[in-house]
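What you are looking at is a predicted structure, and each value in this text was computed from that prediction instead of being measured.
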Amino acid sequence: MATRYHAEHVGSLLRPPYLLRARDAFEAGTLTMEELREAEDRAITELIDVQKQAGVEVFTDGEARRESWRAGLMESLSGLVPVPRTMRWYRNGEELSAEETLTDGVAVTTRVSRKQDLTGTEAAFMAGHAPGQFKITMISASMGGMVWDAERSAGAYPTPGGLIEDLAQLQIEEIEALVSNHGVRWVQLDSLTYNQVIDTANSGSTRAAFGPEQALDMAISTDSKIVSAVKRAHPDVTVGMHICRGNYRSSWLAQGSYEPVAERLFNEVPVDRFLLEYDTERAGGFEPLRFVPSRPAGPTVVLGLVTTKTGLEDVDTLRRRIDEAASYVPLENLAISPQCGFASGSLGNLITADDQRRKLDLVVSTASQVWG
């Protein structure tokens, strides 16, 4: 579908240092929740201004109230306990050392429920402060397998499928509340389960609960169920889906083409916008986009051509890549964005706030040159 929004960013933005200090103080018990909220509100107001100055038209709160993009599973649910996890992250062709690798994880031990309305808090603030359209991002329930553990979870959920069904229902209810109570008109699901099919060699990095074929079936059915429920109830709400290859401190955890998932993903999950990582050769070529429906109501493909991990791209190169993608998807159905957020975790990627601003400027200016 032709879109008026040809420039977008995925969601998270670098947290100001004072916010990181405030969160540390809160965890240490020397700062109250009210004081932390004040720091978060200040940071979000500043991040909104950064987006406005860059010319962004779809705003986020930079995910500044979250410890990480996984907050929907890690911070918002009851029924989970901390567990160590092993993940393989890569930067500059080398695996990160154990000291630099995330080891925080959670596992389900009882039936899940929501213990805090994090996205509701985010939406209420954005509704009163965003100068235009805003979106709420959330980890897709289809990624519930990452918190299922055969030893710890079986008493509550004998199989990961049962857990994911409960998470999907909770997510449908969460989105309904965002729309009905806070006037949210744009939501985005971050769904990385597809990496277990795209890159089977690295699927263990996300604590795979399924083999590749099962993972694809579960991801497609769950994401389709959530999106379809939203669109049935609220046809005018924009639903996007973001897929990347991992993003932590400028490193990555998976690689591979969209080819193994493209036909089913693009035709069975009825989102309005697919935000797809395409900043390096790790994501393969644009050929899988041939499966994107060409009908008038087909989705917008947001090309994640600008990396949030390293230096600045050249606008002419970006324009050439957009032209290449237009061989498979009509130009009017394309848009441009960074490949992922700038701070999927609170520490953020290894770039500066000035780098971030220049990249947002580049996304907007490139879109202006291509689409006017």
Side-chain angles (χ1 to χ4, degrees), residues 1-16 41-64 122-123 125-137 183-188 238 240 242 244 247 272-279 299-323 325-326 329 331-344 348-349 351-372:
M1 178 184 296
T3 178
R4 58 162 289 201
Y5 296 104
H6 292 286
E8 190 173 351
H9 77 95
V10 171
S12 66
L13 297 167
L14 295 172
R15 278 68 153 177
D41 291 350
R42 173 188 167 193
I44 292 166
T45 301
E46 293 173 358
L47 293 173
I48 288 173
D49 190 56
V50 168
Q51 296 168 78
K52 183 177 179 180
Q53 290 183 26
V56 171
E57 294 184 292
V58 183
F59 295 84
T60 77
D61 68 353
E63 301 181 4
E122 294 171 336
F125 188 86
M126 290 299 287
H129 294 82
Q133 179 69 263
F134 68 91
K135 68 179 178 179
I136 299 295
T137 64
V184 171
R185 314 310 300 168
W186 195 309
V187 295
Q188 175 185 300
T238 298
H242 166 243
C244 72
N247 185 52
D272 301 295
R273 300 171 76 86
F274 284 104
L275 291 82
L276 305 176
E277 173 173 324
Y278 264 121
D279 61 326
T300 297
V301 174
V302 185
L303 303 169
L305 300 175
V306 175
T307 187
T308 62
K309 302 180 192 294
T310 55
L312 197 65
E313 291 81 359
D314 173 76
V315 65
D316 291 333
T317 299
L318 296 178
R319 294 189 64 173
R320 283 196 297 272
R321 298 204 68 199
I322 293 169
D323 287 342
V329 177
L331 184 63
E332 63 268 24
N333 293 356
L334 293 174
I336 183 174
S337 75
Q339 103 289 347
C340 194
F342 291 90
S344 299
N349 281 348
I351 62 173
T352 68
D354 286 340
D355 294 333
Q356 174 180 262
R357 170 60 192 274
R358 284 192 288 268
K359 285 178 177 289
L360 291 174
D361 288 342
L362 180 61
V363 168
V364 173
S365 65
T366 302
S368 179
Q369 292 181 44
V370 173
W371 291 281

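- Ala326 is linked by a side chain to side chain contact (heavy atoms under 4.5 Å, CB included) to Leu331, Leu334, counting only residues two or more places apart in sequence or in another chain.
- Shown here are the side chain to side chain contact (heavy atoms under 4.5 Å, CB included) partners of Asp41, two or more places apart in sequence or in another chain: Arg65, Phe125.
- For Tyr278, the ring pair (Phe, Tyr, Trp, His ring centres under 6.0 Å) partners at least two apart in sequence or on another chain are Tyr258, Phe286.
- Ser12 and Glu63 get closest at one heavy-atom pair: CB-OE1, 3.5 Å.
- Lys135 places a side-chain N or O within donor-acceptor distance of the main-chain N or O of Val10, the cut-off being under 3.5 Å.
- For the atom pair CD of Glu277 and CG of Leu305, the computed distance is 10.5 Å after rounding to the nearest 0.5 Å.
- To the nearest 0.5 Å, the span separating NE2 on His6 from OG1 on Thr300 amounts to 7.5 Å.
- Among residues two or more places apart in sequence or in another chain, the ring pair (Phe, Tyr, Trp, His ring centres under 6.0 Å) test is passed with Phe59 by none.
- In summary, the side chains of Gln53 and Arg357 do present a donor paired with an acceptor at a separation below 3.5 Å, with no hydrogens or angles considered.
- Listed by chain and residue number, Pro16, Tyr18, Arg42 satisfy the side chain to side chain contact (heavy atoms under 4.5 Å, CB included) test with Glu46 (two or more places apart in sequence, or in another chain).
- Put simply, the residue from Lys359, His9, Gln339 that forms a side chain to side chain donor-acceptor pair (under 3.5 Å) with Thr308 is Gln339.
- Under the side chain to side chain contact (heavy atoms under 4.5 Å, CB included) criterion, Val315 pairs with Arg319, Leu362, Thr366, Gln369, not counting sequence neighbours.
- In this structure, the separation between CG on Asp361 and OG on Ser368 is 12.0 Å, given to the nearest 0.5 Å.
- To the nearest 0.5 Å, atoms CZ (Arg358) and CG (Leu312) are separated by 7.0 Å.
- Taking the six-membered ring where the residue is Trp, Trp186 and Tyr5 present perpendicular rings, their angle passing 60° and hence far from 30°.
- At distances below 3.5 Å, not a single donor-acceptor pair connects side-chain atoms of Lys309 with backbone N or O atoms of Ile351.
- Looking at Asp279, Asn247, Asn349 one by one, the single match for side chain to side chain donor-acceptor pair (under 3.5 Å) with Thr307 turns out to be Asp279.
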